[in-house]
Amino acid sequence: MSEQKKVVSNATAQGSLEKADLKDVLSQMQVDPKVGLSDAEAKKRLAEYGPNAITAKEEPMWLKFLKDFTGPIAYMIEAAAVVSAIIGHWDDFIIILCLLLFNACIELWQDRKASNALSALKKGLAPNATVLRDGQFKTIPASQLVPGDIVKTRLGQIVPADLRFTGGDYASIDQAALTGESLPVTKKIGDEAYSGSIVKQGEMTGVVIATGSHTFFGKTAKLVATAGGQSHAQKAMFKIGNFLIVVAVILALIMVAFRVYNDLTHGSFGLNTALNILQFVLVLLVASIPVAMPTVFSITLALGALNLSKKKAIVSKLSAIEEMAGVDILCSDKTGTLTKNQLTLGETTLIDAKDDQEVILIGSLASNKADNDPIDNAVISALKDQSQLQNWVVDKFIPFDPVSKRIEAHLHQKDTNEKLWVAKGAPQVIAQMAGTPDVEKKVKDVTAALAAKGYRALGVAESKDEGKTWTVLGVLSMFDPPRDDSKATIDECKREGISVKMITGDDTAIAIETAKKLGMGTNIYNASEVFPKDLDPNNVPDDLAKLIANADGFARVFPEHKYAIVKTLQKQGHIVAMTGDGVNDAPALKQADCGTAVAGATDAARSAAALILTSPGLSVIQTAITEARKIFARITSYTIYRVALTMNIMFLVVLSSIFLNFQPLTAVMIVIMSLLDDLPIMTIAYDNTYVSKRPIRWQMKKILTTSSILGVFAVIQSMLLLVVGFMAAKNPGSISFFNVTSFSQLQTIMFLQLVAGGHLLLFVTRQTRWFFERPFPAKTLFWAIVITQIVAACVCYFGWLVPKISLAMIGEIWLYNIIWMFVLNIIRMIIEKVQANGASAEK
């Protein structure tokens with residue numbers, strides 16, 4: 001590589017040219033701003049640095065699809081399917097395979113939606129660029145730009161690469177989507193402009209200092225590509241799967257060892273015996289795997305997403321619902337989320353005017369409504385009598401430029417032809433026009449006081465002698481007011497245990513003043529000052545990590561700062577929600593546990609987010625959090641129920657095999673029972689539930705302890721019935737009140753006991769108090785279970801696929817289960833009390 005190319009490469013990669021002297025930049029790039037690069041040199045540089053485009057290695061969809069068949073529960077389901085096929089249980093094989101494919105398709109759909117973030121980012125790049133090559137301007141695809149190219153930007157165009165301006169008067173650049181600044185930024189010669197920002201006013205030329213992934217925009221895209229992680233729900237399912245697998249394997253080994261030893265002792269071990277043992281292992285596998293757990297999770301979350309959509313929150317990633325329930329830190333963008341993103345006039349400081357409206361009138365005359373400038377619009381809209389503007393005719397209008405730092409207009413009165421010159425701009429500049437030391441000092445003091453509060457200041461002056469002398473009328477203050485619902489929402493978040501941190505691209509003073517108005521903490525730092533320039537967002541130093549944890553917010557943030565803040569808080573054990581609307585928010589939105597794109601967000605932000613708000617403000621998030629906590633409670637109660645029921649089935653099968661040499665359930669019974677247990681439970685998505693006032697998250701130790709203890713007592717419940725029934729079947733007529741006449745009949749009894757007892761167990765797990773207290777089960781859930789129990793009773797009474805039992809036996813089983821329902825409820829309340837006391841002791 002030539003020495004010149006080494007310099008260009010290093011400067012581009014490190015971004016050092018942004019602050020270098022403009023002459024040095026042109027020298028290092030070896031380009032004449034009046035001639036540009038030659039086509040030959042541009043071709044060489046394009047081959048060296050690659051196209052000016054976002055490139056990312058995307059994983060093929062087929063590979064993603066195959067990955068969805070990995071994991072503990074998936075492996076166990078697949079093993080059960082294989083064993084089913086080996087021994088010819090095709091009905092089991094088809095049911096298991098369908099559930100496996102259903103889960104994989106849902107995951108693939110979610111992955112596809114999540115991967116759209118990078119595609120949306122690419123849409124924000126300029127398609128073409130006007131470039132100076134061999135002394136002539138021509139239009140080329142923006143992807144062919146190289147470092148050192150001289151390009152022209154004008155009104156309405158997207159800046160095609162990172163530039164340093166080399167010529168032109170000025171340009172007003174809207175870079176809010178990239179940096180979060182609420183107003184367009186005025187640029188002059190020597191200033192930088194970022195790829196992806198939009199030119200709102202002016203026309204300038206600039207030298208390209210970075211292209212492709214080295215641009216500010218490209219670095220953001222890199223962060224988006226690497227952001228994201230496994231949801232807590234996925235981790236929880238893996239832990240549950242691992243727990244059940246360990247238990248199942250241990251029990252299976254014990255059972256197989258016992259059967260083999262027993263058969264060898266009696267000299268009856270052979271191929272048929274081996275197949276019987278394999279079949280028995282199949283029963284245990286099918287019984288031990290909560291096959292429908294991922295499906296129930298997905299359907300419960302999907303129904304929750306449907307409910308949230310009715311409340312103006314669109315869920316693009318199902319796991320976001322479960323994550324939102326545990327959010328304890330909300331990182332909120334300021335502009336447009338906490339505030340209205342509408343500049344509004346505050347108090348007016350009078351210098352030589354009679355009243356506020358006189359200052360506002362002159363300020364309005366020094367405005368150009370056609371430009372749709374937010375500052376001009378704010379001044380004009382504050383004028384009470386708009387008809388006054390019709391009395392004046394503009395003779396000359398001198399727009400704002402960064403050198404004079406003011407707008408000037410020359411007008412005359414329609415009726416009297418009275419001449420009037422007006423000016424509006426930087427207060428110090430306007431004060432100097434008057435040339436009075438006292439006025440200059442007063443304006444300086446007023447401006448300093450407003451700046452300390454985060455207000456923008458505008459000086460307004462008039463001249464009635466065609467500019468010979470100027471009179472300063474006053475200083476206008478401007479601010480972006482908080483939304484009407486922001487303070488109430490933040491207060492509610494605090495009450496519910498959620499800390500709100502403000503993350504904004506605006507100035508620190510503006511952020512602090514907004515925080516004061518909203519009752520938020522004011523410990524807000526300038527990110528550019530506290531974050532190192534060579535920041536690795538994935539590896540933040542310990543002292544900075546501590547500062548992030550204790551801060552109330554950050555101002556002047558860039559995309560890597562937002563991403564680092566979210567990532568650091570997550571490493572500290574927090575579940576983080578992040579709101580945003582711009583390209584600069586996309587990496588943090590994707591990395592956050594619940595990235596939330598607010599109303600009016602860019603395509604990049606919406607694609608990276610897991611939750612998309614369709615109405616402005618934070619109040620919708622509050623609704624989403626409440627709904628998420630309800631959904632989380634439903635999933636938790638289902639998890640406890642399913643693990644306890646699974647343990648009951650596993651231990652019942654193994655203990656019966658070892659101690660009674662009896663198989664209490666057939667494979668067909670297991671399949672029917674799985675359907676009867678899980679299908680109506682999907683209606684748990686509609687259940688009424690207690691809403692926690694604190695963030696809730698997966699507490700696997702607590703969940704597995706609770707479900708295991710309940711599972712043990714459920715095993716005792718089933719084993720007592722089985723032993724009594726076994727004795728009755730072995731000696732018909734020996735027990736008068738429980739007239740079991742055969743072992744096949746006993747299998748039906750155990751089938752019905754598990755189906756009925758399982759659903760009654762759900763009524764216990766959905767409450768931490770008595771099952772008959774509020775909140776009552778939702779009608780949908782209640783009637784789904786009632787109908788299921790009627791179906792189960794009919795299956796047993798009429799002998800559909802199972803041996804027939806009498807109506808009296810069905811009644812006795814139900815009575816037995818109801819008695820145990822009260823016993824298990826008492827045990828559940830004792831567990832809850834012990835765990836609560838333990839948690840208090842730890843604190």
Side-chain angles (χ1 to χ4, degrees), residues 251 254-255 258-259 262-263 266 268 276-277 279-280 283-284 286-287 644-674 676-677 710-761 788-824 827:
L251 291 175
I254 292 172
M255 185 186 68
F258 174 82
R259 288 291 299 274
N262 189 51
D263 290 344
H266 292 85
S268 59
N276 286 333
I277 293 174
Q279 182 184 20
F280 209 75
V283 174
L284 182 62
V286 175
L645 184 61
T646 298
M647 289 185 64
N648 185 11
I649 297 169
M650 284 193 300
F651 277 93
L652 177 66
V653 171
V654 174
L655 293 176
S656 174
S657 175
I658 293 174
F659 295 107
L660 302 177
N661 197 24
F662 173 68
Q663 184 174 329
L665 298 167
T666 65
V668 172
M669 286 180 179
I670 295 258
V671 173
I672 297 172
M673 185 173 62
S674 296
L676 292 176
D677 276 336
L710 288 173
V712 167
F713 280 93
V715 171
I716 294 172
Q717 172 190 359
S718 297
M719 282 301 296
L720 282 175
L721 184 64
L722 177 62
V723 169
V724 172
F726 188 83
M727 291 170 59
K730 195 172 184 180
N731 301 294
S734 60
I735 301 176
S736 59
F737 63 88
F738 201 61
N739 191 20
V740 181
T741 58
S742 67
F743 288 111
S744 60
Q745 202 176 50
L746 179 58
Q747 286 179 321
T748 303
I749 288 171
M750 297 314 300
F751 162 78
L752 183 60
Q753 189 274 319
L754 289 171
V755 173
H759 283 162
L760 293 180
L761 179 62
T788 302
Q789 293 308 313
I790 293 172
V791 171
C794 290
V795 166
C796 297
Y797 180 72
F798 292 108
W800 298 334
L801 300 175
V802 300
K804 181 178 178 180
I805 59 175
S806 67
L807 196 60
M809 283 184 179
I810 294 173
E812 288 169 351
I813 294 166
W814 261 97
L815 179 61
Y816 180 78
N817 280 332
I818 290 172
I819 293 170
W820 267 95
M821 184 181 184
F822 282 89
V823 175
L824 292 172
I827 293 166

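Two residues are said to be in side-chain contact when any heavy atoms from C-beta on lie closer than 4.5 Å; Leu655 and Leu251 fail this criterion. Residues Met647 and Phe651 are in side-chain contact: their nearest non-hydrogen atoms beyond the backbone lie under 4.5 Å apart. Looking at heavy atoms from C-beta onward, Leu754 lies in side-chain contact with Leu665 at the 4.5 angstrom threshold. You'll find the side chain of Thr748 reaches within 4.5 Å of the side chain of Met669, heavy atoms only. The shortest side-chain heavy-atom distance between Ile649 and Met673 falls under the 4.5 Å cut-off. Residues Phe726 and Val740 fail the side-chain proximity criterion, which asks for heavy atoms closer than 4.5 Å. The shortest distance between side-chain heavy atoms of Ser656 and Leu722 falls below 4.5 Å. Using a 4.5 Å heavy-atom cutoff, the side chains of Trp820 and Leu760 are not in contact.
Between the side chains of Asn817 and Gln717, at least one donor N or O sits under 3.5 Å from an acceptor N or O.
Separation of atoms CG (Asn648) and CD1 (Ile716) is listed at 10.5 Å; rounding is to 0.5 Å. Atom CG in Leu721 sits 9.5 Å away from atom CG in Leu652 (nearest 0.5 Å). A distance of 12.0 Å separates CD1 of Ile819 from CG of Leu824, quoted to the nearest 0.5 Å. In this structure, the separation between CG on Leu660 and CE on Met727 is 10.5 Å, given to the nearest 0.5 Å. Put simply, CE on Met821 and OH on Tyr816 are 15.5 Å apart, with the number rounded to the nearest 0.5 Å. The structure places CE of Met809 at 12.5 Å from OH of Tyr797, a figure rounded to the nearest 0.5 Å.
Ser744 contributes no side-chain N or O that, together with a main-chain N or O of Pro803, makes up a donor-acceptor pair within less than 3.5 Å. Side chain of Gln663 to backbone of Ser657: no donor-acceptor contact under 3.5 angstrom is found. Looking only at distances, a side-chain donor or acceptor of His759 sits under 3.5 Å from a matching main-chain atom of Leu676.
Across all non-hydrogen atoms, the minimal contact from Gln747 to Phe662 is CG-CZ, 3.7 Å. Residues Leu752 and Ala793 come closest through the heavy atom pair CD1-N, 4.4 Å.
With sequence neighbours left out, Val795 forms a side-chain contact (heavy atoms from CB on, under 4.5 Å) with Phe751, Val791, Trp800, Val802.
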Side chain to side chain donor-acceptor pair (under 3.5 Å) between Gln753 and Ser718, intermediate numbers included = CA-CA 7 Å; Gln753 189 274 319; Ser718 297; 2.8 Å; yes
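The local environment of CZ in Phe258 is crowded, with over 12 non-hydrogen atoms from other residues, nucleotides or ligands closer than 6.0 Å.
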